[in-house]
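The structure displayed is predicted, hence computed values, not measured ones. Numbers restart at 1 for each chain; the letters A, B, ... are given by sequence-line order, proteins then strands. Side-chain atoms are counted along with the backbone in the values below, which use heavy atoms only and exclude waters and symmetry mates.
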2 protein chains.
Amino acid sequence: MLDFHAALKKLRNHLKNNDLRFTNERLTILEEIFQFPPHFDAEQLFIYIRKKHNHISRATVYRTLDLLSQIGIIKKENLGKDYASYELDYKMPHHDHLICEICGKVIEFADDIIEKRQREISENNGMVMVRHQLQIFGRCKEHTE
Amino acid sequence: MLDFHAALKKLRNHLKNNDLRFTNERLTILEEIFQFPPHFDAEQLFIYIRKKHNHISRATVYRTLDLLSQIGIIKKENLGKDYASYELDYKMPHHDHLICEICGKVIEFADDIIEKRQREISENNGMVMVRHQLQIFGRCKEHTE
DNA sequence: ACATAAAGTGTGACTCAGTCTCAATTTAAC
DNA sequence: GTTAAATTGAGACTGAGTCACACTTTATGT
Ligand SMILES: [Zn+2]
Ligand SMILES: [Zn+2]
Ligand SMILES: [Zn+2]
Ligand SMILES: [Zn+2]
């Protein structure tokens, strides 16, 4: 379980090892992601950041999201919208999502049976699994008539 | 298992029941989808159709894909690209996808254990499952070193 | 077959997420 | 402090998809 300081350390490490620079913008964006709702999109985050730090550009936010994804501090995923979603990649080694089609509420889960079965299916089809993504869309308690 | 004639019937039926028109464009697009690779995207399809029927517009192709999705003749889904993929919704009541990250090859599968487990997970979290989508990304035999 | 009303179409302008270019700025390291 | 390389902000650009609207086609009734 990665908190802010561990994430920061991971970032500094990666930057150092790859002859990249530790900039104020990168620090600020990482800080703000930790303040932000767990599942977010780039444009939301950019608008939020822009309000507080009006010199940070959209390009830098997008570039930093890519960087943090490569490092494994955040994860880019599709949660059923037609643009990318992101989340901190720290709660569990892996989890999938239940999404309410009405209110957008997101519930996370990790299930060993499904994980195991996916590895078996991949093998049976001659593939080496690298990653996977499961979204269950439905209606939450508040939105079932 | 829905062949072209069953799909056409389904389309005509839906149109009749909703006071919509059976047009040449809609017929042509349905025909061409049946000629096309099983997993495709809208822009590919539009370019392909445009070559043979140079009066059919992009807007009509997109509008028809929406229509056919609503009827359940095709299905719109995310196969890991940053634009929508489509496929005929006829082979199995439901299936998911294994996708090679290198060559893009798509293998379909349907697994009862996973399907059942998803229903259980939804229940346990107080959700009614409406649909779901599972993509396993990996490397196929030809692309594993 | 013809008239009519409503649905559908093509065009091109538009939106929106995301990327790119490039001059100006900042960082890391000596 | 100097310097070279990396980074940034601004705004132009791209590509998928949508929209408005004048024009065309379809379905229906006669
Ligand atoms: Zn809900
Ligand atoms: Zn999550
Ligand atoms: Zn492959
Ligand atoms: Zn498929």
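- In this structure the side chain of Leu65(A) reaches within 4.5 angstrom of the side chain of Ile33(A), judged on heavy atoms.
- Residue Asp41(B) is out of contact with every strand shown, counting any heavy-atom pair closer than 4.0 Å.
- Contact annotation: the side chain of Tyr48(B) approaches that of Glu32(B) to within less than 4.5 Å [non-hydrogen atoms, C-beta and beyond].
- Other cluster members for Val106(B): Leu79(B), Ile99(B), Phe137(B), joined by side-chain heavy-atom distances under 4.5 Å among Ile, Leu, Val, Met, Phe, Trp and Tyr.
- The distance from atom CG of Asn18(A) to atom P of dA6(D) is 11 Å, rounded to the nearest whole Å.
- dT7(D) atom P lies 11 Å from atom CG of Leu11(A), rounded to whole Å.
- Using cut-offs of 30° and 60° for the angle between ring planes, the Tyr86(A) and Phe40(A) rings count as parallel.
- Mapped onto DNA chain D by nearest heavy atom, Asp82(B) and Glu25(A) fall at different nucleotides, with Glu25(A) at the one closer to the 5' end.
- The side chain of Arg63(B) approaches dA20(D) more closely than any other nucleotide in the set dT21(C), dA5(D), dA20(D).
- Among the heavy atoms of the strands lying under 4.0 Å from Arg26(B) are primed sugar atoms or P, OP1, OP2 only; no base atom is included.
- Regarding contacts with the backbone of dT8(D), a side-chain N or O of Thr23(A) is found under 4.0 angstrom from either OP1 or OP2.
- Atom CZ in Phe40(B) sits roughly 15 Å away from atom P in dA16(D) (whole-Å rounding).
- Contact of the Met127(A) side chain with the Lys105(B) side chain is not registered, since no non-hydrogen atoms from C-beta on lie closer than 4.5 Å.
- Nearest-nucleotide positions on DNA chain C place Leu20(B) closer to the 5' end than the other of Lys16(A) and Leu20(B).
- Within the helix from dA1(C)-dT30(D) to dC30(C)-dG1(D), the inter-axis angle between the opening and closing five-pair segments is 30°, rounded to 10°.
- Remark: Asn24(A) is not in phosphate contact with dT25(C), judged by side-chain N or O atoms under 4.0 Å from OP1 or OP2.
- Near-neighbour residues of DNA chain C inside residues 43-62 of chain B, defined by a heavy atom below 4.0 Å, number-ordered: Arg50(B), His55(B), Ile56(B), Ser57(B), Ala59(B), Thr60(B).
- When the C1' atom of dA16(D) is taken as reference, atom CG of Leu65(B) falls 13 Å away, rounded to whole Å.
- Look at Asp41(A) and Lys81(A) and you find no salt bridge, because none of the NZ, NE, NH1 or NH2 atoms lies under 4.0 Å from a carboxylate O.
- Between Arg12(A) atom CZ and dA28(C) atom C1' there is a gap of 12 Å when expressed in whole angstrom units.
- Here the side chains of Leu8(A) and Phe34(A) are not in contact, with every heavy-atom distance at 4.5 Å or above.
- Regarding Tyr83(A), its OH atom lies at a distance of 7 Å from the P atom of dA17(C), rounded to whole Å.
- Under the 3.5 Å distance criterion, the side-chain polar atoms of Gln135(B) are matched with a main-chain donor or acceptor of Asn78(B).
- When the P atom of dT28(D) is taken as reference, atom CZ of Arg21(B) falls 7 Å away, rounded to whole Å.
- The distance from atom CG of Leu15(B) to atom P of dT26(D) is 13 Å, rounded to the nearest whole Å.
- Using a 4.5 Å cut-off on side-chain heavy atoms (C-beta onward), Gln133(A) and His97(A) make no contact.
- Salt-bridge check for Lys116(B) with Glu120(B): passed, with a basic side-chain N closer than 4.0 Å to an acidic carboxylate O.
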